[in-house]
Trainee: 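I'd like to ask you about the structure that follows.
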Amino acid sequence: MLWTQTLIPTMKETPEGAEIPSHILMLRAGMISQVMAGAYAYLPLGLRSLRKAERIVREEMDAAGAVELALPAMSPLSLWEQTGRVSAFGNVLVQTTLQRKDRKVPVVFGPTHEEIITDFVAHHISSYRQMPITLYQITSKFRNEERPRFGVLRTSEFLMKDAYSFDATLESLNRSYDKMYDAYCKIFTRCGVNYLAVEAESGPIGGDASHEFMAPAENGEDSILHCKDCGYAANQEKAEIGARDCVAPDVELKPLTKLDTPGASTIEQVSKFLKCKPQKLIKTLIYLADGKPIAVLVRGDHDANEGKIRRACKIEKLELAPPEVIEKVTGAPVGFAGPVGMKEKIPIYADRDVQCIVNGVTGANAADAHVVNVNLRRDFMPDLFADLRNALDGDPCPRCSSILAMRHAIEIGHVFKLGTKYTDALNAKYADADEQLKPIIMGCYGIGVNRILASLIETSHDADGIVWPMTLAPYEVVLTVVKVPDEPSMAAAKKLYGELAAAGIDVLLDDRDCRAGVKFKDADLIGIPLRIVIGERGLKEGKFEAKWRWEKAAEMLPVEGAGDAIAKWVQEERKENARFGNRRDAL
RNA sequence: CGGGGUGUGGCGCAGCCUGGCUAGCGCGUCUGGUUUGGGACCAGAAAGUCGCAGGUUCAAAUCCUGUCACCCCGACCA
């Protein structure tokens, strides 16, 4: 492609509103253009990168034995009512009504496609002989995000690869799942994205049934915990906290005292009012566990984790109790519950860290009052101690003796064993070898294609612009002609351009008649991995100048045979992103 | 959905507080010329309903009311 024949509207200045590197650089590099909040146009350059990511995804899906199809964005609302996801998605679901001749047809713009594919499969798969099979597509998804943000990271319309596996047995599902998991590793590696596969909430199947693929990045919206020593990694929701012996400080147990704390009902207010650290507080949460009230105790500065509570206490349905229940159980309004002297006797479950609190503070089960110098055993005794809170930076690793580090990350992929949630709801059954009808067992597997680009840029840029790996770069090589009116320069450039194009290299020839500085700046900004400079200076010696985007120095390359040499470099780099992978040493 | 911020040529901004001549500046664009290895210089030109609507006033980019859009923080996120 000739630069003068495409449209690459680069910008010297950062448009108002863009704050994170990926957003700023995609705008400045002329890759995207905003149409409205949460909706971006992909300009020629951006589309090329997006297509490269898409192609890698497609190749690895095909290699893993998945079969591509395309489902419509539009589907009937009724399908979503059958699975209860109209209310589950709520306002996120994009709905509209089509006016047909004599009736109105309520439709949904798919936020994902479990319903549609399951309905299709229910009609066309009826035997165990037709499975296992994994179907996938790469299409636009629609979600009315309450708050689109961070440029291309969180938008209302986005490109997603979604795959669905259909199996007759759990063992077969596990094999399908592992294939996808392995394919994801290959995809993100080929894309040059640093990622971690972390354990995530597993839903109905339990166990090792869900992983998220996370790209650690400062601007990521998710939090993950990672142990550098043993490799354990999980999202914050799922991360377990290793058990450690509690070393109780050797201090005198002071007498239990009730104090007035008028109006102080939150942890922050109480700790301020009583001038004590939140770590000294015992937060008492009243939940309804399968309809019955329970109390959950966590340290004041910790957050309770409902998934952990559910598992540890063997509860199906868990929800925070409404104020009436709290008043009835504790005898006090919301904000003053405590484990000592509750009005009704209910089960008390405590997070392990509560064991370490000596002379603590908690609600007095009376309006506007707290008790201080609360101590375990002397004043109260929980029915169970367990890991019931969200993990934090520095918490003990559950698998080794090291500690967990918390990092922000961008979710770029998710693999999940669904089980029969949708096949039950949509009546997708198959006949087994024993002639019995059984529900098909599903898995679902998503990749946010736009997010691959954004997360790559977030972690691979410098002061001058984007630093693309060969595999995602919109063009693999840029030919920078220093002086376009100089005929020998242009002739040499066009010859090289022809050779590279013939070798199947994506090459961009910067034939704009402007100063060299402008072209160097633009080449750096759009991040093309390999730049070849064609100038009078080099040509005098029969040389081109070759420079990798992430290296400081350039090397001279004989004009003779340059096309072959460059093509070879590009082909090597395409395979492993090897030079790109080593860039940190150079940057 | 709560809190905060911003809307002025294509892009980035000043002007608004304290109303008053023809609404400025930088970048970009176009024309001519000089230049040509890291965002050149000179001369000239085009391009703006000051987000929109209403109000106050002799007079509104500026003050008041409403409204829309966009951005940030938080809540939410199959």
Side-chain angles (χ1 to χ4, degrees), chain A residues 7 9-20 23-24 27-28 30 33-40 80 83-94 108 110-116 118 141-151 153-156 158 160 162 164 200-201 203-204 210 212 219-223 235-237 303 410-411 414 416 418 421-422 425 442 444-446 448 463-465 480-486 489-490 510 512-526 531-540 543-545 547 552 554 556:
Chain A
L7 183 62
T10 58
M11 283 179 272
K12 210 187 278 190
E13 282 166 306
T14 300
E16 182 201 23
E19 299 208 343
I20 67 169
H23 192 194
I24 292 171
L27 287 166
R28 286 193 51 212
S33 174
Q34 186 176 36
V35 174
M36 59 180 272
Y40 288 85
W80 300 81
T83 56
R85 288 174 106 196
V86 176
S87 59
F89 271 112
N91 193 37
V92 171
L93 201 62
V94 179
V108 163
T112 170
H113 280 84
E114 280 86 1
E115 277 79 357
I116 297 107
T118 308
K141 299 286 185 279
F142 299 85
R143 291 181 196 183
N144 177 33
E145 293 292 348
E146 312 254 329
R147 189 183 155 209
R149 57 181 138 180
F150 296 145
L153 270 181
R154 195 164 198 78
T155 52
S156 305
F158 56 97
M160 177 167 156
D162 48 325
Y164 308 90
E201 276 302 322
S210 173
E212 288 171 344
N219 291 304
E221 292 184 278
D222 294 283
S223 293
N235 68 18
Q236 197 179 26
E237 200 184 5
D303 287 323
I410 299 165
E411 183 184 352
H414 195 168
F416 196 92
L418 271 176
K421 178 176 174 186
Y422 295 98
M442 277 178 78
C444 67
Y445 316 91
D464 292 314
T480 302
V481 183
V482 173
K483 205 185 213 179
V484 168
D486 178 58
S489 293
M490 266 315 273
D510 192 348
R512 293 175 297 171
D513 185 8
C514 61
R515 295 175 72 87
V518 173
K519 301 186 189 196
F520 291 142
K521 286 289 181 190
D522 273 347
D524 287 346
L525 178 59
I526 68 174
R531 185 186 76 192
I532 308 297
V533 178
I534 296 126
E536 291 171 300
R537 194 193 284 172
L539 286 179
K540 260 183 220 160
K543 302 263 175 71
F544 294 138
E545 177 190 298
K547 183 183 165 298
K552 281 203 185 82
M556 300 310 287

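The structure displayed is predicted, hence computed values, not measured ones. These numbers come from the heavy atoms of this one structure, side chains and all, not from hydrogens, waters or symmetry mates.
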Trainee: Is the closest side-chain heavy-atom distance between A:Ser223 and A:Asn235 below 4.5 Å?
Mentor: no
Trainee: Rounded to the Å, how far apart are A:Asn219 CG and B:C72 C1'?
Mentor: 13 Å
Trainee: Can the ring centres of A:Tyr40 and A:His23 be said to be less than 6.0 Å apart?
Mentor: yes
Trainee: Output the rounded distance in Å from CD (A:Glu16) to P (B:G26).
Mentor: 21 Å
Trainee: Rounding to an integer number of angstrom, what distance separates B:G15 and B:G9 when you compare their P atoms?
Mentor: 15 Å
Trainee: What contact category does A:Thr480 fall into here, base, sugar-phosphate, or nothing, at under 4.0 angstrom with non-hydrogen atoms?
Mentor: nothing
Trainee: Expressed in whole Å, how much space separates the C1' atoms belonging to B:C52 and B:C68?
Mentor: 7 Å
Trainee: Round to a whole Å and report the spacing from CD of A:Glu19 to C1' of B:G4.
Mentor: 13 Å
Trainee: Is the closest side-chain donor-acceptor distance between A:Ser210 and A:Glu212 under 3.5 Å?
Mentor: no
Trainee: Is there a donor-acceptor contact under 3.5 Å linking the side chains of A:Thr10 and A:Asp522?
Mentor: yes
Trainee: Tell me if the side-chain of A:Arg147 makes a donor-acceptor pair with the base of B:A75, cut-off 3.5 Å, by modelled atom types.
Mentor: no
Trainee: Can you build the contact string for nucleotides 34-42 of chain B? Use B for base contact, S for sugar-phosphate-only contact, and - for no protein heavy atom under 4.0 Å.
Mentor: -BSBBBB--
Trainee: How far, in whole Å, is B:G74 from B:G38 if one measures between their C1' atoms?
Mentor: 43 Å
Trainee: Tell me which of A:Gln34 and A:Glu221 sits closer to the 5' end of RNA chain B, going by the nucleotide each one is nearest to.
Mentor: A:Gln34
Trainee: Can you tell me how far C1' in B:C76 sits from the matching atom in B:U65, rounded to whole Å?
Mentor: 33 Å
Trainee: Pick base, sugar-phosphate or nothing for A:Pro111, based on heavy-atom distances below 4.0 Å to the nucleic acid.
Mentor: nothing
Trainee: Between atom CG in A:Asp222 and atom P in B:C76, what is the gap in whole Å?
Mentor: 13 Å
Trainee: Partner lookup for B:G7, please. Criteria are Watson-Crick or G-U wobble with both distances under 3.5 angstrom; report none if nothing qualifies.
Mentor: B:C68
Trainee: Are any of the side-chain nitrogens in A:Glu545 or A:Arg531 under 4.0 Å away from the carboxylate oxygens of its partner?
Mentor: yes
Trainee: Nearest-Å distance, CD (A:Glu13) to P (B:G10)?
Mentor: 15 Å
Trainee: Report yes if some heavy atom in the side chain of A:Ile534 is under 4.5 Å from a heavy atom in the side chain of A:Thr480; otherwise report no.
Mentor: no
Trainee: Searching all strands shown, indicate the nucleotide that pairs with B:C50 (Watson-Crick or G-U wobble; both distances under 3.5 Å).
Mentor: none
Trainee: A:Phe89 or A:Gly151: which one's nearest nucleotide on RNA chain B is closer to the 5' end?
Mentor: A:Gly151
Trainee: Give the rounded distance in Å between these two atoms: CG of A:Leu153 and P of B:C71.
Mentor: 14 Å
Trainee: Between B:A23 and B:C70, how far apart are the P atoms? Round to whole Å, please.
Mentor: 31 Å
Trainee: Which nucleotide sits closest to the side chain of A:Arg149: B:C76, B:G26, B:C71?
Mentor: B:C76
Trainee: May I ask which nucleotide in the shown strands pairs with B:U62, Watson-Crick or G-U wobble, both distances under 3.5 Å?
Mentor: none
Trainee: For nucleotides 45-50 of chain B, just jot down a letter per nucleotide in 5' to 3' order: B, S or -, based on protein non-hydrogen atoms under 4.0 Å.
Mentor: ------
Trainee: Inspect the contact between A:Arg28 and A:Glu13 and indicate whether a charged nitrogen and a carboxylate oxygen are less than 4.0 angstrom apart.
Mentor: no
Trainee: C1' atom, B:G10 versus B:G4: distance in rounded Å?
Mentor: 29 Å
Trainee: May I ask which nucleotide in the shown strands pairs with B:U31, Watson-Crick or G-U wobble, both distances under 3.5 Å?
Mentor: B:A43
Trainee: So A:Glu19 and A:Ile24, do their side chains get closer than 4.5 Å, heavy atoms only?
Mentor: no
Trainee: Taking the side chain of A:Ala37 as its heavy atoms from C-beta onward, which of B:C70, B:C11, B:G74 lies nearest to it?
Mentor: B:C70
Trainee: Does A:Lys421 come within less than 4.0 Å of A:Glu114, counting only side-chain N to carboxylate O?
Mentor: no
Trainee: Would you say the side chains of A:Thr83 and A:Glu115 form a donor-acceptor pair under 3.5 Å?
Mentor: yes
Trainee: For B:C16 and B:G24, measure between their C1' atoms and round to the nearest Å.
Mentor: 14 Å
Trainee: In this structure, how many angstroms lie between the P atom of B:C72 and the CD atom of A:Glu146, rounded?
Mentor: 16 Å
Trainee: Between B:G39 and B:G12, how far is it from one C1' atom to the other, in whole Å?
Mentor: 15 Å
Trainee: Please determine, for B:C1, whether a Watson-Crick or G-U wobble partner exists with both distances under 3.5 Å, and give it or none.
Mentor: B:G74
Trainee: Please determine, for B:U57, whether a Watson-Crick or G-U wobble partner exists with both distances under 3.5 Å, and give it or none.
Mentor: none
Trainee: Quick check against the 3.5 Å criterion: does A:Arg143 have a side-chain atom that pairs as donor or acceptor with the backbone of A:Ser156?
Mentor: no
Trainee: Using side chain to side chain donor-acceptor pair (under 3.5 Å) as the criterion, list what pairs up with A:Asp162, not counting sequence neighbours.
Mentor: A:Gln137, A:Lys141, A:Tyr164
Trainee: Rounded to the Å, how far apart are A:His113 NE2 and B:A78 C1'?
Mentor: 14 Å
